[in-house]
Amino acid sequence: MHRSRLAVLMLDLPPDLHDAGRAFWSGATGHEVSPDPLDENWSSLGAFAGGFHLEVQRTGHGTPPRWHVDVETDDVDAEVARLEALGARRIADMGGFWQMKDPAGMVFDVVGVQTGEDFERNARTWP
């Protein structure tokens, strides 16, 4: 058995749109931007209902702006296999987590636990 949950909505923004997008979503949600002290490409707008997090990452030049979700799990391999059985495809091994696409082509990541207590409170157990 393993557990997983839809944990993070990630706003992927290229450098020329990063600051404006981050400021917009801060104002739209009423959540202050908390830059990551260790990585200038990451910042957080915090947790929302059910411990769902909104994060912002600066992507590379030429990357289109997009949203993607992170599925967090206590067993990445088991969760990837479960989602493949539902029709997802692996795109890239990112070294400890997987970038995948759902059957409609939407990108998402399967990552290890990153929200601590929110994961413990909200994760679903899978056989």
Side-chain angles (χ1 to χ4, degrees):
M1 293 192 333
H2 75 282
R3 296 177 304 152
S4 69
R5 79 180 196 111
L6 195 61
V8 176
L9 179 59
M10 185 72 67
L11 179 56
D12 299 328
L13 295 172
D16 58 323
L17 299 174
H18 180 261
D19 292 343
R22 189 170 67 170
F24 173 82
W25 285 105
S26 175
T29 63
H31 284 230
E32 294 212 13
V33 173
S34 296
D36 185 317
L38 302 176
D39 187 341
E40 66 182 20
N41 293 316
W42 293 87
S43 53
S44 177
L45 293 172
F48 292 78
F52 194 75
H53 292 246
L54 179 58
E55 308 290 327
V56 182
Q57 72 176 334
R58 184 187 342 258
T59 58
H61 290 282
T63 304
R66 67 179 183 194
W67 295 98
H68 82 263
V69 295
D70 283 357
V71 176
E72 73 176 336
T73 180
D74 56 8
D75 187 334
V76 171
D77 292 336
E79 184 65 4
V80 166
R82 186 182 78 80
L83 296 172
E84 284 179 317
L86 295 171
R89 297 185 336 263
R90 295 178 201 219
I91 302 304
D93 181 345
M94 305 299 286
F97 72 96
W98 278 92
Q99 185 179 71
M100 301 183 76
K101 285 190 178 181
D102 73 7
M106 301 294 292
V107 173
F108 67 97
D109 293 337
V110 178
V111 302
V113 175
Q114 49 189 4
T115 64
E117 290 180 19
D118 286 331
F119 179 82
E120 295 302 323
R121 276 192 300 274
N122 298 298
R124 178 162 184 164
T125 300
W126 302 101

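- Annotation for Ser4 and Trp126: closest pair OG-NE1, 2.7 Å, computed over non-hydrogen atoms.
- For Pro127 against Met1, the heavy-atom pair with the smallest separation is CA-CG, 4.1 Å.
- Linking Ile, Leu, Val, Met, Phe, Trp and Tyr whenever their side-chain heavy atoms come within less than 4.5 Å puts Val8 and Trp42 in one cluster.
- Annotation: the span from Phe119 atom CZ to Glu72 atom CD amounts to 5.5 Å, rounded to 0.5 Å.
- Using a 4.5 Å cut-off between side-chain heavy atoms of Ile, Leu, Val, Met, Phe, Trp and Tyr, with links allowed through other members, Phe52 and Val33 fall into the same hydrophobic cluster.
- Here the side chains of Leu11 and Arg22 are not in contact, with every heavy-atom distance at 4.5 Å or above.
- Here CG of Asp12 is found 10.0 Å from NE2 of His18. Values are rounded to the nearest 0.5 Å.
- Residues Ser43 and Glu55 share a closest heavy-atom pair of O-OE1, 3.3 Å.
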With side chain to side chain contact (heavy atoms under 4.5 Å, CB included) as the test, would you mind laying out the steps for His2 and Arg82 before giving the verdict? CA-CA 10 Å; His2 75 282; Arg82 186 182 78 80; 4.1 Å; yes
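- Here the shortest heavy-atom pairing between Pro65 and Leu13 reads CB-CD2, 3.9 Å.
- Linking Ile, Leu, Val, Met, Phe, Trp and Tyr residues whenever their side-chain heavy atoms come within less than 4.5 Å places Leu86 and Val69 in a single cluster.
- Using a 4.0 Å cut-off between charged side-chain N and carboxylate O, Glu84 and Arg90 make a salt bridge.
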Are Leu54 and Thr29 close enough, and set up right, to give a side chain to side chain contact (heavy atoms under 4.5 Å, CB included), and what steps lead you there? CA-CA 10 Å; Leu54 179 58; Thr29 63; 4.1 Å; yes
Does Asp93 form a side chain to side chain contact (heavy atoms under 4.5 Å, CB included) with Trp98? I'd like the steps, not just the answer. CA-CA 5 Å; Asp93 181 345; Trp98 278 92; 3.6 Å; yes
Can you check side chain to side chain contact (heavy atoms under 4.5 Å, CB included) on Trp25 and Leu45, steps first, answer last? CA-CA 8 Å; Trp25 285 105; Leu45 293 172; 3.8 Å; yes
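- Taken from CG in Asp70 to CZ in Phe108, the straight-line distance is 10.5 Å, to the nearest 0.5 Å.
- Once rounded to the nearest 0.5 Å, the distance linking OG1 of Thr73 with CZ of Arg5 reads 11.5 Å.
- Between the CD1 atom of Ile91 and the NZ atom of Lys101 there is a distance of 5.0 Å, given to the nearest 0.5 Å.
- For the residue pair Gly60 and Pro14, the shortest heavy atom distance occurs at O-CB, 3.9 Å.
- When hydrophobic clusters are built by joining Ile, Leu, Val, Met, Phe, Trp and Tyr residues whose side-chain heavy atoms come closer than 4.5 Å, directly or via intermediates, Trp67 is grouped together with Leu6.
- A parallel orientation is assigned to the rings of Phe48 and His31, their planes being inclined by less than 30° (bins at 30° and 60°).
- The two residues Arg3 and Asp74 come nearest to each other via the heavy atoms N-OD1, 2.8 Å.
- The cluster map of Ile, Leu, Val, Met, Phe, Trp and Tyr, joined by side-chain heavy atoms under 4.5 Å apart, puts Leu9 and Leu83 in the same cluster.
- Atoms CE and OG, on Met10 and Ser44 in that order, are 9.0 Å from each other to the nearest 0.5 Å.
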